[in-house]
There are 2 protein chains.
Amino acid sequence: MRYGHPWVCRRMMAEGMRITQTRMVVLDILARNPKRHLSAEEVFLMAHEINPSIGFATVYRTLDLLTRMGIIQKLEFGDGRARYELTEASKKVPHHHHLVCTECGKVIDYTDFTDEEKELLTKVERELSEKYNFKIKNHIIQFCGICNHCNERR
Amino acid sequence: MRYGHPWVCRRMMAEGMRITQTRMVVLDILARNPKRHLSAEEVFLMAHEINPSIGFATVYRTLDLLTRMGIIQKLEFGDGRARYELTEASKKVPHHHHLVCTECGKVIDYTDFTDEEKELLTKVERELSEKYNFKIKNHIIQFCGICNHCNERR
DNA sequence: ACGATAATGATAATTATTCTCAATAAAGAG
DNA sequence: CTCTTTATTGAGAATAATTATCATTATCGT
Ligand SMILES: [Mn+2]
Ligand SMILES: [Mn+2]
Ligand SMILES: [Zn+2]
Ligand SMILES: [Zn+2]
């Protein structure tokens with residue numbers, strides 16, 4: 001069968017993994033929804049519409065696999081369910097961080113200031129990596145607070 | 001009764017909250033273990049040793065309360081349980097960020113580079129705050145990767 | 001097409017966290 | 001100190017996200 005995402009497929013094959021229908025469907029859902037922060041359940045529901053035989057457990061397994069491969073990133077915004085989005089490495093999504101409202105859970109992606117941030121981050125990563133002998137794969141940066149909507153309701 | 005943490009007590013009273021045994025015990029446990037990243041269960045077990053009548057639900061409630069007050073911070077390192085530590089605002093713990101090993105779950109606190117980081121962070125926070133009309137309370141910065149121990153085991 | 005086996009789907013099991021509600025204890029008034 | 005009000009608590013049940021199990025299936029090199 002023919003699938004998209006040749007870069008991911010190549011990596012999977014190189015590591016002896018099988019390229020399955022479910023894996024491609026899950027990856028495709030994430031690639032087609034770069035702006036959202038999908039939970040496992042949301043991915044499952046969308047996958048289920050494409051192919052009703054896809055199971056919930058496999059969605060979890062696939063999300064975990066893609067996370068370990070560094071293709072997607074698992075994020076926890078404090079509402080008790082993990083969320084997933086493509087990483088910068090996928091080339092489908094720009095490098096960005098998050099603003100999280102602790103009142104309503106709203107999440108804002110921001111790409112501003114990332115040049116300066118990026119520079120410092122690269123430096124910090126390099127030095128931490130050296131000092132602690134730690135192989136850094138990625139990072140999570142979130143600013144937590146109250147969004148404008150929640151602010152006005154006071 | 002006489003308790004420590006006068007700063008926290010003052011804030012609680014000012015907001016009409018009651019200063020209870022359980023709250024003080026939980027706060028004390030966190031203040032006495034600044035280096036660890038205690039889970040709710042760990043706090044409960046320690047609280048239970050001090051006063052066996054303290055219940056699990058109240059530990060959760062107190063951790064949530066202290067988090068909302070900005071005295072402690074809730075952290076998720078990806079192992080499925082939240083962890084808590086004092087914030088900088090408590091003056092008992094220095095401003096720091098985290099290195100998280102995605103293999104074994106080890107967490108390293110690092111205080112290096114925080115001067116530069118801090119400066120940029122302050123600037124970013126100010127600008128984001130303005131642009132998105134977002135009242136920023138704190139931030140979470142984590143570098144994820146593989147620790148030296150896990151690296152050597154390959 | 002075939003065989004070895006990695007991957008899957010259904011479902012049960014686990015586990016962190018939240019909810020419920022009667023009982024308790026903190027704080028202010030007298 | 002005693003009394004009253006009511007925020008807070010403890011026990012246990014309930015919820016909900018994630019993980020484990022296991023028989024079945026689909027992938028892929030041959
Ligand atoms: Mn995002
Ligand atoms: Mn820490
Ligand atoms: Zn909000
Ligand atoms: Zn490790």
Side-chain angles (χ1 to χ4, degrees), chain A residues 1-3 5 8-27 37-45 47-69 72 74-84 102 105, chain B residues 1-3 5 8-27 37-45 47-69 72 74-84 102 105:
Chain A
M1 213 190 259
R2 200 92 224 106
Y3 293 116
H5 313 289
V8 175
C9 290
R10 245 177 281 126
R11 275 204 49 199
M12 284 184 165
M13 294 193 72
E15 296 179 38
M17 300 165 173
R18 292 179 180 176
I19 292 154
T20 68
Q21 166 102 218
T22 307
R23 284 175 180 171
M24 290 304 113
V25 168
V26 167
L27 177 56
H37 303 99
L38 299 173
S39 65
E41 189 184 20
E42 289 168 326
V43 172
F44 167 70
L45 290 173
H48 191 264
E49 288 206 357
I50 293 166
N51 177 350
S53 79
I54 290 175
F56 213 148
T58 303
V59 168
Y60 269 105
R61 283 188 283 240
T62 304
L63 290 170
D64 190 53
L65 180 76
L66 294 172
T67 301
R68 278 184 281 110
M69 289 178 74
I72 66 177
K74 184 179 185 176
L75 298 167
E76 323 237 12
F77 295 132
D79 67 339
R81 56 176 56 188
R83 297 179 176 273
Y84 301 84
T102 52
Chain B
M1 213 188 261
R2 203 87 228 110
Y3 292 116
H5 314 288
V8 176
C9 290
R10 244 178 280 125
R11 276 203 49 198
M12 283 183 166
M13 295 192 72
E15 297 178 36
M17 300 166 175
R18 292 180 180 176
I19 292 154
T20 67
Q21 234 316 317
T22 308
R23 284 174 180 173
M24 290 303 116
V25 169
V26 167
L27 177 55
H37 304 98
L38 298 174
S39 65
E41 189 184 20
E42 288 168 328
V43 173
F44 166 70
L45 290 172
H48 192 265
E49 289 208 356
I50 292 166
N51 178 350
S53 80
I54 291 175
F56 213 146
T58 304
V59 169
Y60 269 105
R61 283 187 283 241
T62 304
L63 290 171
D64 190 52
L65 180 75
L66 294 172
T67 301
R68 277 183 283 111
M69 290 177 73
I72 66 177
K74 184 179 184 176
L75 299 166
E76 322 237 13
F77 295 132
D79 67 340
R81 55 178 54 189
R83 296 177 178 276
Y84 302 84
T102 51

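Letters A, B, ... are given to chains in the order of the sequence lines, protein chains preceding strands, and every chain is numbered from 1. Here the structure is a predicted model, which is why all the values come from computation and not from measurement.
The aromatic rings of B/H48 and B/F44 sit tilted relative to each other, their planes meeting at an angle between 30° and 60°.
Atom CE in A/M24 sits roughly 14 Å away from atom C1' in D/dC28 (whole-Å rounding). Here C/dT14 presents its C1' atom at 13 Å from CD of B/E41, a figure rounded to the nearest Å. At whole-Å resolution of the value, CZ in B/F77 and P in C/dA16 are 17 Å apart. Residue A/E76 contributes atom CD, which lies 18 Å from atom P of D/dA16 at whole-angstrom precision. Taking atom CG of residue B/L63 and atom P of nucleotide C/dT18, one finds them 10 Å apart after rounding to whole Å. Taking atom CG of residue B/D64 and atom P of nucleotide C/dC19, one finds them 10 Å apart after rounding to whole Å. One atom, CZ of B/F44, and another, P of C/dT17, lie 14 Å apart when rounded to the nearest Å. One atom, CE of B/M12, and another, C1' of D/dT8, lie 12 Å apart when rounded to the nearest Å.
The shortest side-chain heavy-atom distance between B/R61 and B/T22 does not fall under the 4.5 Å cut-off. Between A/E49 and A/V25, the closest side-chain pair of non-hydrogen atoms is not below 4.5 Å. Contact of the A/L65 side chain with the A/M17 side chain is registered, since non-hydrogen atoms from C-beta on lie closer than 4.5 Å. A 4.5 Å side-chain heavy-atom check between B/E42 and B/V59 finds every atom pair outside the cut-off. Using a 4.5 Å heavy-atom cutoff, the side chains of A/M24 and A/M12 are in contact.
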Q. Can you give one letter per nucleotide of nucleotides 4-10 of chain C, 5' to 3': B if a protein heavy atom sits under 4.0 Å from the base, S if only from the sugar-phosphate, - if neither?
A. BBBSBBB
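Although no hydrogens or angles enter the test, the distance criterion places no donor-acceptor pair under 3.5 Å between the side chain of A/R81 and the main chain of A/E41. Of the possible donor and acceptor atoms, one in the side chain of B/R11 sits under 3.5 Å from a partner among the backbone N and O of B/M69.
Direction change of the helix axis from one end of the helix from C/dA1-D/dT30 to C/dG30-D/dC1 to the other is 50°, with five pairs defining each end axis (rounded to 10°).
Rounding to the nearest 0.5 angstrom, the gap separating the OG atom in A/S39 from the CG atom in A/L45 is 8.0 Å.
Phosphate contact (OP1/OP2 of C/dT18, side-chain N/O of B/Y60, threshold under 4.0 Å): absent.
Between B/I19 and B/R83, the residue anchored closer to the 5' end of DNA chain C is B/R83, taking for each the nucleotide with the nearest heavy atom.
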